[in-house]
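First up is the structure itself, then whatever we jot down about it.
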Protein chains: 2
Amino acid sequence: MNLKELSQHLNLSQTTVSRALNGYPEVSEATRARVKEAALRMGYSPNARAKGLATGRAQAIGHVLPVSTQNEMVNPVFGDFLAGAGESYARAGYEVMISLADDTAEERAYRALRNSGNVDGLIVHAPRRQDPRIPLLTELGLPFVVHGRSTETEIPYSWVDTNNRRAFRRATEFLLDLNHRRIALINGIEHLDFALRRREGYAEALTARGLQTDPALMCSEEMTEIYGYRAARRMLAGDDPPTAFLVSSMITAIGVRRAVHELGLELGLDISVITHDDDLGYLKNGHDVPIFTATRSSVRAAGRQAAEMLLKLIDRPESGPMSHRFEAELIIGASTGPAHERMP
Amino acid sequence: MNLKELSQHLNLSQTTVSRALNGYPEVSEATRARVKEAALRMGYSPNARAKGLATGRAQAIGHVLPVSTQNEMVNPVFGDFLAGAGESYARAGYEVMISLADDTAEERAYRALRNSGNVDGLIVHAPRRQDPRIPLLTELGLPFVVHGRSTETEIPYSWVDTNNRRAFRRATEFLLDLNHRRIALINGIEHLDFALRRREGYAEALTARGLQTDPALMCSEEMTEIYGYRAARRMLAGDDPPTAFLVSSMITAIGVRRAVHELGLELGLDISVITHDDDLGYLKNGHDVPIFTATRSSVRAAGRQAAEMLLKLIDRPESGPMSHRFEAELIIGASTGPAHERMP
DNA sequence: CTGAAACGCCAAAGCGCTTTGGGCGCCCTT
DNA sequence: AAGGGCGCCCAAAGCGCTTTGGCGTTTCAG
């Protein structure tokens, strides 16, 4: 059932049927009702490609997930981000298109995506420092919102981000206030911008108290459970081990906890842990008593915000680069406590 | 840059340029080379919508994630499934389109998706018992592959699934062999088919040994960490508590472990736990020694398989309903041990 | 040397929709 | 009674691509 058939069935022109369906005023309410009823009854719904060709809009948003060869995993945070964004998209009648972009042919992929006309705008995930995608997309004139930011990118762009630096500075200060001096940082991959900022916040807090960062207490990898486990085991086995860990994700913190338990130590008593908490649907940080002391910032809310922003940007591109920064909340849980000496 | 411009630039017709680019034989290799070179140099890439209109194929696959109002979370397994499927899609030049389908207007949503022409086929996630989407999609003539199966659906359809029943039967038998008699089942939502089958496997194993299922030892909810924690706490606090848990996901098992530890009990010693393990990228079940005894089946592999199947089905629909069943592997980890009495 | 087949290319129609630029009645005004 | 305005509707062009049918030129067998 297409427009032509529907219009023939109604003895109306395609024009009139199209206008009736799309709410244009040039058609009487009587025929509009008649058309709508018939469309519903006969199960008519428009061909999105044809509509897109004619209007020049795809009614779809692209999400580009960088999947490099070393970094094959899809960030578990993505699902929640999408769930948040999806609400806004659905309300505005937009679809979601996912591109798993191999980062070897990045530029060509983005150019092709623009030319394809498949999307009206996109969300850029996992920005790096000086991310080349930002100037590229700006040049291509494709509206986009970055989830995160890109240090050392001079040109203006739209973004939604958490104040990662401040969150990790605060968390570090909290541990310092509890008299911890050997604080380890189990960070995400540091060519990603958020991880960089977290390290900076951590380092700032230490320096402000006259402490040095210790390379032996810092590591940077993909945020898996195993990574947290191994890093904690390794560091705790060293001489002059840390008394506290600052961890980049709940999943990784769970690995740290496993290592701590295996060594017969107790969280919050022998070893303190603060983690960042994205407030994922399937991994809530406790209900009444939080499991971990954490810097919490809902990735779902970020998704919602980014989507709203992008839709606005598509609607009125001149409304210029926008940005929104979420402040993370410091949640005090049972995984932190005052530092004290460990038995050797 | 579109076809017309490119062809004018080359002093060729659109026909010839199109054929040159798409590998048709009616054009000499000399001009083909010339055309390809120019296309590359001038950054030409086709408009997917126009191409789709003309060919009737969208070169895109839809993934429909049911997002009901109670069940707002996106299954964390989805990312890995997509990563697996994405490899196949990319190789065949297909894009991915996500629909977060509200299950209230399911039928209309699927009809509209078909009419929209946005996808050539789709993957159905989270099938339920007697899932109405299967007859609907069959009637619509849209190729699809179900990730999972649908009990009590009579018409044939294509699917990729894990042998959930057998996996949970084996796991239960393993616990029974270790002399456990009070075995709890912390299941996923049982209106989803996979959870149903798991419960059946569990019940079968018990009945085969002359044991009864005990409603107090069975529960069914969304597979979050908190759920595992609460269920385990509640059951362990009851009189005649379980000595073993059979858990539906790693995340939930982590919640169970947390509860067990909080009660001062030790996994594998006081309490045994077997979990299903989807082999997620960010949550590997150990490296040398598995954390949990588990029934493992890679959801990524399932994604790859489902994608291959769907692409084949799109290519030759008459190649009929296909199916592939993965057998889960029973991994023996440190979370299980012989049953013995607990101090009251 | 001729006719047919093969080759290399082109013009134009068509995919399903939107949108421009009218056109035809009818009512209201003057 | 004529003119203007408005409400309602239509025909046709166009979005960027593929594909059908055809046309001139070579090539090669008979």
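This structure is a prediction, so every number in the text was calculated from the model and none was measured.
- Side-chain contact of A/S150 with A/D193: a donor-acceptor pair under 3.5 Å is absent, judged by distance alone.
- At a threshold of 4.0 angstrom between heavy atoms, the contacts of B/R19 include nucleobase atoms, whether or not backbone atoms are also involved.
- Within the nucleic acid shown, B/N11 comes within 4.0 Å of sugar-phosphate atoms alone, with no base atom in reach, counting heavy atoms only.
- Counting only Watson-Crick or G-U wobble pairs whose defining distances are both under 3.5 Å, the stems of 3 or more consecutive pairs in DNA chain C are C:1-30 with D:1-30.
- Heavy-atom contacts of chain B under 4.0 Å fall on DNA chain C between two terminal nucleotides, which in 5' to 3' order are C/dG8 to C/dG16.
- In summary, the aromatic rings of B/Y89 and B/H63 are positioned with their centroids under 6.0 Å apart.
- With 3.5 Å as the limit, one finds no donor-acceptor pair spanning the side chains of A/S7 and A/Q14.
- In this structure, the side chain of B/R114 engages the main chain of B/L140 through a donor-acceptor pair within 3.5 Å.
- Along DNA chain C, the nucleotide nearest to A/E26 and the one nearest to A/Y44 differ in position, and the one closer to the 5' end is contacted by A/Y44.
- The pair B/D161-B/R149 meets the salt-bridge criterion, since a charged nitrogen lies less than 4.0 angstrom from a carboxylate oxygen.
- Heavy atoms of B/T15 sit under 4.0 angstrom from at least one base atom.
- Between B/E308 and B/R91 there is a salt bridge, since at least one side-chain N of the basic residue sits less than 4.0 Å from a carboxylate O of the acidic one.
- With 3.5 Å as the limit, one finds a donor-acceptor pair spanning the side chains of B/S28 and B/T31.
- One finds no salt bridge joining A/E29 and A/K36 here, because no Lys/Arg side-chain nitrogen approaches an Asp/Glu carboxylate oxygen to under 4.0 Å.
- Of the side-chain N and O atoms in A/S13, one or more sit less than 4.0 angstrom from OP1 or OP2 of D/dC10.
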